[in-house]
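Note sheet for the following structure.
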Amino acid sequence: MTTLKNDRFLRALLREPVDTTPVWMMRQAGRYLPEYRETRAQAGDFLSLCKNTEFACEVTLQPLRRYELDAAILFSDILTVPDALGLGLYFETGEGPKFHKTVRTEQDVANLLKLNAKSDLAYVMNAVSTIRSALGGQVPLIGFSGSPWTLATYMIEGGSSKEFRFTKQMMYAQPEVLHALLNHLADSVIDYLNAQIDAGAQAIQIFDSWGGALAHREYVEFSLNYMTKIIAGLQREKDGRRIPVIVFTKGGGQWLENMLTTGADAFGLDWTTPLYTAREVMAGRAALQGNLDPAVLYGSAASIEKSVKAMLDDAYANGEKTGYIANLGHGITQWVDPAQPKIFVDTVHEYSAKYLG
């Protein structure tokens, strides 16, 4: 077993002492990097990039060569699960992900395949084990999945959506059908994430990207309850270390108290919730991650430094010295100058010393 050289990310997730604030970025491997665009061109298309072990490993490591990040995250896509369930994922240029089949009836749910992640998504597991080996203990590797609610929206709508017309119609008109789908997805995600842990993932993040589209009672019933089921079914220790779990609900800062019932170790925040408020709600019961507006990285070096310092001031305002991971409030955008994230990462490490010393 390779010794982990930098474990501050894992330590912060478990609210253990750290020497400086750990930092990583959602979508840190992506289109803002010219080397990523070159590798994707070699692969031919996005799905081919995900399914090629060598390419998936390469793009995972690319941001670590530029920035002093404290974690790597598997390069893949949340929609690999519905693809493996038989819906047929494809990408239209300029339109994002789409499926050849949708799930809108009780029979559609019954027709879904039962997932065996180790065989059906072997390319993801190969990527995890290859990346873990290539990292050589440099930093921990994060595995991930979409939440059942978020995956369901894509499966029901047939792709991305702003109104979630068909999903919400099912939720209010045929809630039993939606619950059947969410249960199937929760079981699939448990299998998928446990397979990633077996392959070498050292922490897990559940992306509840569309949880914030729900009303408050519906959030608990149709999103939070299924993430709770997943976390209860996960392997939580490997090689003598705890496997921390992060839940990130975009637009969900108002539900932090509810989220504590999931058993997750940490909760990600978008940029709409002040960190000092979230820290008060958590009261030392879980770690927090976030929450710089990704658009801050369009600014000057001085404005980025100012925003990062303000975020850290908020994170440590209550006197806690750990239990915080710096991140963006959502994924880094493709239009960011690759020089700007370095200012973000370096400022986090340098400025946080005043609180952790």
Side-chain angles (χ1 to χ4, degrees), residues 10 13-15 26 78 81-82 85 109 112 114-115 117 142-156 164 167-168 170-172 175-198 201-238 242-270 273 278 281-290 323 325:
L10 298 179
L13 285 174
L14 300 177
R15 304 189 307 285
M26 288 185 278
I78 64 169
V81 169
L85 294 177
V109 176
L112 289 171
K114 179 175 171 57
L115 184 70
I142 306 167
F144 70 90
S145 173
S147 70
W149 163 256
T150 293
L151 297 178
T153 65
Y154 284 98
M155 295 166 73
I156 296 166
F164 307 102
T167 312
K168 290 197 171 185
M170 183 187 290
M171 181 173 70
Y172 289 115
E176 70 284 353
V177 177
L178 182 53
H179 279 303
L181 173 57
L182 293 168
N183 261 310
H184 189 98
L185 285 168
D187 290 340
S188 300
V189 170
I190 290 168
D191 185 59
Y192 183 50
L193 292 177
N194 278 332
Q196 290 186 38
I197 292 165
D198 283 342
Q202 293 154 288
I204 293 296
Q205 177 153 315
I206 300 172
F207 284 90
D208 188 31
S209 306
W210 298 121
L214 287 161
H216 61 285
R217 292 184 185 89
E218 284 70 23
Y219 172 72
V220 173
E221 181 178 354
F222 293 96
S223 185
L224 197 67
N225 286 348
Y226 290 97
M227 292 191 287
T228 302
K229 177 180 177 177
I230 289 166
I231 292 168
L234 291 183
Q235 180 180 343
R236 301 304 299 276
E237 190 172 308
K238 182 82 184 296
R242 183 169 173 85
I243 306 293
V245 178
I246 308 161
V247 165
F248 172 64
T249 294
K250 187 173 182 288
Q254 68 274 25
W255 297 314
L256 282 171
E257 190 71 44
N258 301 90
M259 289 181 196
L260 280 165
T261 63
T262 62
D265 300 283
F267 301 97
L269 295 170
D270 66 17
T273 301
V281 173
M282 289 292 102
R285 293 174 289 176
L288 289 170
Q289 177 177 276
I325 300 95

Minimum heavy-atom distance Gly143-Ala201, with the two atoms named: N-CB, 3.8 Å
Any donor-acceptor pair under 3.5 Å from Gln196 side chain to Phe144 backbone: yes
Spacing of OG belonging to Ser188 relative to CG belonging to Leu112, to within rounding of 0.5 Å: 8.0 Å
Set of side-chain contact (heavy atoms from CB on, under 4.5 Å) partners for Ala152, sequence neighbours left out: Ile156, Leu178, Leu181, Leu182, Leu185
Ser223 side chain to Val220 backbone, donor-acceptor under 3.5 Å: no
Pairs where residues 255-270 contributes a residue and the test salt bridge (charged side-chain N to carboxylate O under 4.0 Å, His left out) is met, not counting sequence neighbours: Arg236-Asp265, Arg242-Asp265, Glu257-Arg285
Closest approach of Ala278 to Leu256 (non-hydrogen atoms, all atoms of both residues): CB-CD1, 3.5 Å
Considering all heavy atoms, the nearest Phe267-Met259 contact: CZ-O, 3.3 Å
Polar contact flag, side-chain donor to acceptor under 3.5 angstrom, Thr150-Ser147: yes
For the student: nearest non-hydrogen atoms of Leu13 and Pro244, plus distance: CD1-CB, 3.6 Å
Approximate separation, where rounding is to 0.5 Å, of Lys238 NZ and Gln202 CD: 9.5 Å
Atom pair CG/CG of Asn194 and Leu234 - distance to nearest 0.5 Å: 5.0 Å
Shortest non-hydrogen contact between Gly146 and Val189, atoms and distance: O-CG2, 3.9 Å
Residues Ile204, Ile243; criterion side chain to side chain contact (heavy atoms under 4.5 Å, CB included); working and verdict: CA-CA 7 Å; Ile204 293 296; Ile243 306 293; 4.2 Å; yes
Test log, rule side chain to side chain contact (heavy atoms under 4.5 Å, CB included), inputs Met26 and Phe207: CA-CA 10 Å; Met26 288 185 278; Phe207 284 90; 3.6 Å; yes
Nearest-0.5 Å distance, CD1 of residue Ile246 to CD of residue Gln205: 4.5 Å
Minimal non-hydrogen separation, Gly284 against Arg15, with atom names: O-NE, 2.9 Å
Any residue meeting side-chain contact (heavy atoms from CB on, under 4.5 Å) with Asp191, in chain and number order, not counting sequence neighbours: Leu115, Ala117
Verdict with reasoning, Met171 to Phe222, per side chain to side chain contact (heavy atoms under 4.5 Å, CB included): CA-CA 8 Å; Met171 181 173 70; Phe222 293 96; 3.5 Å; yes
Short side-chain to backbone donor-acceptor contact, Thr228 and Leu224, under 3.5 Å: yes
Please tabulate, for side-chain N and O atoms in residues 248-255, each donor-acceptor pair with protein atoms closer than 3.5 Å (sequence neighbours left out).
unit_1 : atom_1 : unit_2 : atom_2 : d
Thr249 : OG1    : Asp208 : OD2    : 2.8
Thr249 : OG1    : Tyr219 : OH     : 2.9
Gln254 : NE2    : Gly251 : O      : 3.4

Audit row: Val247, Ile231, side chain to side chain contact (heavy atoms under 4.5 Å, CB included) steps and yes/no: CA-CA 10 Å; Val247 165; Ile231 292 168; 3.8 Å; yes
Results of side-chain contact (heavy atoms from CB on, under 4.5 Å) for Ala186 - residues two or more places apart only: Pro148, Tyr226, Lys229, Ile230
Nearest-0.5 Å distance that lies between atom CG in Leu85 and atom CG in Leu151: 8.5 Å
Residues forming a side-chain contact (heavy atoms from CB on, under 4.5 Å) with Glu221, sequence neighbours excluded: His179
Separation of Ile197 CD1 from Gln235 CD (nearest 0.5 Å): 5.5 Å
